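For reference, the structure discussed in these notes is given below.
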2 protein chains.
Amino acid sequence: MSQHRPGSTSGPAGAVPALPDLPEATVARLPEYLRALHHCAETGYETVSSEGLAAAAGVNSAKLRKDLSHLGSYGTRGVGYDVALLIDQIEYVLGLTQRRAVALVGVGNLGHALAGYDGFASRGFHVVALFDADPATIGERIHGLQVRHIDELPAVAAETAIAIGVIATPAAAAQAVADQLVAAGVTSILNFAPCVLSVPPNVDVRKVDLAIELQILSFHEHRKSTLTALPGGRAAGTSGQEAVGS
Amino acid sequence: MSQHRPGSTSGPAGAVPALPDLPEATVARLPEYLRALHHCAETGYETVSSEGLAAAAGVNSAKLRKDLSHLGSYGTRGVGYDVALLIDQIEYVLGLTQRRAVALVGVGNLGHALAGYDGFASRGFHVVALFDADPATIGERIHGLQVRHIDELPAVAAETAIAIGVIATPAAAAQAVADQLVAAGVTSILNFAPCVLSVPPNVDVRKVDLAIELQILSFHEHRKSTLTALPGGRAAGTSGQEAVGS
DNA sequence: GGATGTGAATCTGTTCACAGCA
DNA sequence: TGCTGTGAACAGATTCACATCC
């Protein structure tokens, strides 16, 4: 148990948070574990084994145990993990104990859907402002929020601390929007526009490109069809795990 | 040049495709290179260096060169890559030379937006059918397509080969939909529902979970704030590349 | 007994640095 | 000289297998 500080308990009620820097791959999986744990809790489980939780999260158990061990984990040998405790731990590490404010820029086709996406609210995020540059959209009400002009961003940011900015504009506008978000003090950006953003080193950017996902699937589809078409090609479904890495 | 078959040219016009199995990480980046290349082409470039293309795609040049070398690449030392040629190469490898049919299941909040997403059509994909289970939505026209009941899936699949199924239903319905897609012969699935799908080994699944992306950003946000709050914590923006892996 | 936590081995991916070619 | 292509070194992530503890 290398990560346990002696003395005071760490975590939600602990004194010093001391987030040990987790491997990036682990961080990316923690939300999935969290979702699986919530599911366990709703189904009435108080405790769950690494095997069971791993299955629910779609990974193998060794990986799950190593991931959780990085948190200085709270399992019990011979028993498993306490569901409620682990939920608290992961939520704490991910910084979900405080509800984070999200500002969404671009209320076109995709932005419109994101503004009303249930998954955000149900997972500790709160969309607090919608922005756009198109005069036609300004003032429109979407899921209870009024669309404001992007130039009002500094004013809004001044009164409400924005934790995360979501960019759902066309690619051509994305860099300018990113600059405005950064200028307003936003240090985390989720970018749906198909382009590369350049930002200062202290700003984190994650990109989601829906077309890219399809293209990756297309590659595998293409490969499957050429494999089966080739002389020595093994028939589809013959062997091997084909699940594509996320 | 390890991958060149002697004799006949490979690629778009080649005899035997012979897709050398590329590293998964490389496959995931090819679409990004493709986008950057299209941008180059539109800007009038006929040739581009690894340095230039890497910058446009948001990676470093060594990685890009290694990725392209896996295709048995078409660069010229001292000059760079021929933009048009490389576009053809990558589109061929990704299987984008044929337009692939996409079926979308679930026309709720998110599905509605996906049905009209420009990025799909502009990148070689064609949404050919919309499905839902809710009687209230059946018959509705969205971006020129009529929503059909999910039970009609087999009939539609029989007349149009569906390359990719997109699931945009609530989590509770997703597994059943996946089963129906698989039964209809679909072997590639893009899943937006926050749950793990179990499918036969010959079916590829990619998952996009918007809330997970926010939670990963939340972690970094949390860590940044604790770092700056701690005694010895270096101030934000002091050093280091913080861009988060995709 | 049974399940966690973890060193060691392995695999995958990234980066370096330079040979080789235009 | 300039830039690609690539072996070799490096770093990171996954898997194995088992010691450890309830």
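In this text the structure is predicted, and so the values were computed from the model without any measurement. Below, chains carry the letters A, B, ... as their sequence lines are ordered, and counting in each starts from 1. Heavy-atom basis, side chains included; hydrogens, waters and symmetry copies ignored.
Only one option out of B:Ile167, B:Val105, B:Ile164 pairs with B:Ile189 in a side-chain contact (heavy atoms from CB on, under 4.5 Å); it is B:Ile167.
Toward the 5' end of DNA chain D, the nearer of the two residues B:Arg65 and A:Ala62, judged by each one's closest nucleotide, is B:Arg65. Checking A:Ser50 against B:Gly78, the closest nucleotide of DNA chain C that is more toward the 5' end is the one next to A:Ser50. Residues B:Gly80 and A:Lys63 each lie close to DNA chain D; by heavy-atom proximity, the contact nearer the 5' end of the strand is made by B:Gly80.
Aromatic rings of A:Tyr92 and B:His222 (six-membered ring for Trp) have centroids within the 6.0 Å cut-off, being under it.
Separating the CG atom of B:Leu64 from the P atom of D:dT6 is a distance of 14 Å, rounded to the nearest angstrom. C:dT14 atom P lies 13 Å from atom CG of B:Leu68, rounded to whole Å. The separation between A:Glu51 atom CD and C:dT4 atom C1' is 12 Å, rounded to whole Å. Here the C1' atom of nucleotide C:dA22 and the CG atom of B:Asp82 are 15 Å apart, to the nearest Å. One can place NE2 of A:His70 at 11 Å from C1' of C:dG5, the figure rounded to the nearest angstrom. As rounded to whole Å, 13 Å separates atom P of D:dA13 from atom CG of A:Leu30. What separates CZ of A:Arg77 from P of D:dC22 is a distance of 8 Å, to the nearest Å. Between A:Leu22 atom CG and D:dT14 atom P there is a gap of 13 Å when expressed in whole angstrom units.
With salt bridges taken as basic N to acidic carboxylate O contacts below 4.0 Å, none links B:Glu32 and B:Arg29.
Side-chain proximity of B:Lys66 to D:dT15, D:dA8, C:dG5: nearest is D:dA8.
Remark: A:Tyr74 is not in phosphate contact with C:dG5, judged by side-chain N or O atoms under 4.0 Å from OP1 or OP2. The side chain of A:Ser49 contributes no N or O atom lying less than 4.0 Å from OP1 or OP2 of C:dA3. Applying the 4.0 Å criterion to OP1 and OP2 of D:dC22, one finds that A:Thr76 has every side-chain N and O outside that range. OP1 or OP2 of C:dG5 has at least one side-chain nitrogen or oxygen of A:Tyr81 nearer than 4.0 Å. At C:dT15, one or more side-chain N or O atoms of B:Asn60 fall inside 4.0 Å of OP1 or OP2 (strictly under the cut-off).
Summarising the local packing, NE2 of A:His39 is surrounded by 12 or fewer heavy atoms from other residues, nucleotides or ligands at distances under 6.0 Å.
For the residue pair A:Asp82 / A:Tyr74, no side-chain donor-acceptor distance below 3.5 Å is found, with atom types taken as modelled.
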